[in-house]
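Worth knowing before you read on, the calculation uses all heavy atoms, side chains too, and leaves out hydrogens, waters and symmetry mates. Since we're looking at a predicted model, the values are computed, not measured.
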Amino acid sequence: MATLSLAPKGESIQIHAVSTGADIHQTLLAVPAESDWKPEMVFLQAPGWWRPGRQITLFNGRYLEWREKKGRSDCTRVINLAFVKPEPVLQRTVAWRSMTVMALSLLVTGLSVYTAWLPGVLTGVLLALLSGLNSLRCSSASFQFVTRHGGVPIFALYRQRRDRERVEKVLKAIGIRGRKAWTLLPKGKARLAAEVAEHRRLADSGCLSQGAYEAAKQRIFSRYAKAKPVHSPTD
């Protein structure tokens with residue numbers, strides 16, 4: 001019998017060994033060593049002048065490595081898809097400040113043209129051009145994946161119209177693997193402990209802040225508190 005501590009306060013949930021005698025702690029939570037990875041799909045989104053490059057690697061049936069490279073910085077996360085919501089959220093980011101500056105610049109340009117003030121026209125056009133380019137650079141649309149019941153954003157892929165078919169194929173593969181991995185988890189307290197422990201693993205690896213981890217933990221506990229208890233033959 002293994003015990004997973006869920007918080008410094010001492011909350012814990014007992015995880016009973018399955019009938020096969022396997023270590024359920026290792027089965028549910030341990031990420032395979034990199035030497036044991038069996039890559040199944042690699043998808044690269046090349047960097048642009050306004051965004052970093054991203055790459056995901058699906059391996060061992062239910063794991064995903066997400067990597068983002070911007071300049072010299074390289075952010076890498078390894079995620080168990082069993083704990084990720086299969087359906088991503090389309091998230092749009094709009095650079096409102098740059099758009100506001102562009103609108104004001106165009107207004108200044110119009111007034112300068114009306115009054116025949118050449119310096120104002122040149123300044124307004126230049127500001128409108130720069131703010132417009134910055135708006136394009138900062139505005140984007142991404143498919144955001146969040147943890148299943150913790151609701152924490154964990155990784156994202158760019159929405160690319162010119163590469164729509166490949167993106168949809170990858171999104172489908174992620175969803176299929178996540179649903180299948182979720183159904184393989186035991187019910188009841190063991191699943192609750194596994195979800196919270198996975199969030200703690202992500203926090204310990206630097207993928208989540210302590211605040212995000214605590215908020216996710218409360219959402220998970222609230223979710224299971226409202227659900228009807230599930231009794232397994234071994235309980």
Side-chain angles (χ1 to χ4, degrees), residues 41-58 64-79 84-147 150-175 199 202-203 205-216 219:
M41 177 184 290
V42 178
F43 179 64
L44 174 66
Q45 293 190 313
W49 65 278
W50 75 92
R51 70 182 187 192
R54 289 175 177 172
Q55 176 180 304
I56 65 167
T57 302
L58 297 173
L64 178 147
E65 181 193 51
W66 179 86
R67 177 169 293 181
E68 181 176 87
K69 188 174 182 62
K70 184 177 183 180
R72 295 184 178 181
S73 63
D74 193 348
C75 176
T76 302
R77 298 175 180 177
V78 178
I79 301 154
V84 176
K85 192 173 182 180
E87 301 81 13
V89 177
L90 181 59
Q91 186 178 60
R92 299 179 186 274
T93 302
V94 180
W96 292 109
R97 291 183 180 180
S98 295
M99 293 183 67
T100 301
V101 172
M102 183 174 65
L104 292 175
S105 300
L106 292 175
L107 178 61
V108 170
T109 302
L111 292 175
S112 299
V113 170
Y114 180 76
T115 58
W117 185 40
L118 183 59
V121 174
L122 296 177
T123 301
V125 170
L126 179 61
L127 285 176
L129 179 61
L130 292 176
S131 57
L133 291 174
N134 190 64
S135 177
L136 289 174
R137 182 180 68 86
C138 297
S139 299
S140 63
S142 298
F143 291 104
Q144 181 76 59
F145 285 87
V146 301
T147 54
V152 179
I154 196 63
F155 72 94
L157 292 174
Y158 298 119
R159 183 190 184 191
Q160 297 178 311
R161 294 182 182 276
R162 65 179 181 275
D163 202 12
R164 182 176 178 179
E165 290 186 3
R166 282 209 313 154
V167 173
E168 289 181 349
K169 180 180 179 181
V170 172
L171 296 179
K172 183 178 179 180
I174 293 173
H199 282 79
L202 292 170
S205 64
C207 298
L208 299 181
S209 66
Q210 185 62 29
Y213 165 67
E214 292 295 337
R219 294 189 193 104

Arg67 side chain near Asp74 side chain, heavy-atom distance below 4.5 Å: yes
Closest heavy-atom pair, Pro52 versus Tyr158, reported as atoms and distance to 0.1 Å, is O-OH, 2.8 Å
Atom of Arg219, atom of Gly150 and distance for their closest heavy-atom approach: NH1-O, 2.5 Å
Does any part of the side chain of Leu171, heavy atoms only, come nearer than 4.5 Å to the side chain of Pro88, both counted from C-beta? yes
Between Glu68 (side chain) and Gly53 (backbone), is there a donor-acceptor pair under 3.5 Å? no
With sequence neighbours excluded, tell me which residues meet side-chain hydrogen bond (donor to acceptor under 3.5 Å, both in side chains) with Gln144. none
Might you point out which heavy atoms bring Phe145 and Pro86 nearest each other, and give the distance in Å? CE2-O, 3.7 Å
Got a donor-acceptor contact below 3.5 angstrom from the Arg54 side chain to the Lys69 backbone? no
For the residue pair Arg159 and Val167, establish whether any side-chain heavy-atom pair is separated by less than 4.5 Å. no
Cys207 side, atom SG; Ile79 side, atom CD1 - distance, nearest 0.5 Å: 6.5 Å
Any sub-3.5 Å donor-acceptor pair from Trp66's side-chain atoms to Val78's backbone N or O? no
Using 4.0 Å as the upper bound for N to carboxylate O, is an ion pair formed by Arg166 and Glu168? no
Judged by atom type as modelled, is there a donor-acceptor pair below 3.5 Å linking the side chain of Thr147 to the main-chain atoms of Val152? yes
Give me the atom names and distance for the closest heavy-atom approach of Gly151 to Val146. C-CB, 4.1 Å
Is the shortest side-chain heavy-atom distance between Ile154 and Leu208 below 4.5 Å? yes
Would you say the side chain of Phe155 lies within less than 4.5 Å of the side chain of Cys75, judging by non-hydrogen atoms? no
Any Arg77 side-chain heavy atom under 4.5 Å of Leu202 side chain: no
How far apart are the C-alpha atoms of Ile56 and Ile174, what are their side-chain angles, what is the distance that settles it, and do they pass the side-chain contact (heavy atoms from CB on, under 4.5 Å) test? CA-CA 10 Å; Ile56 65 167; Ile174 293 173; 4.0 Å; yes
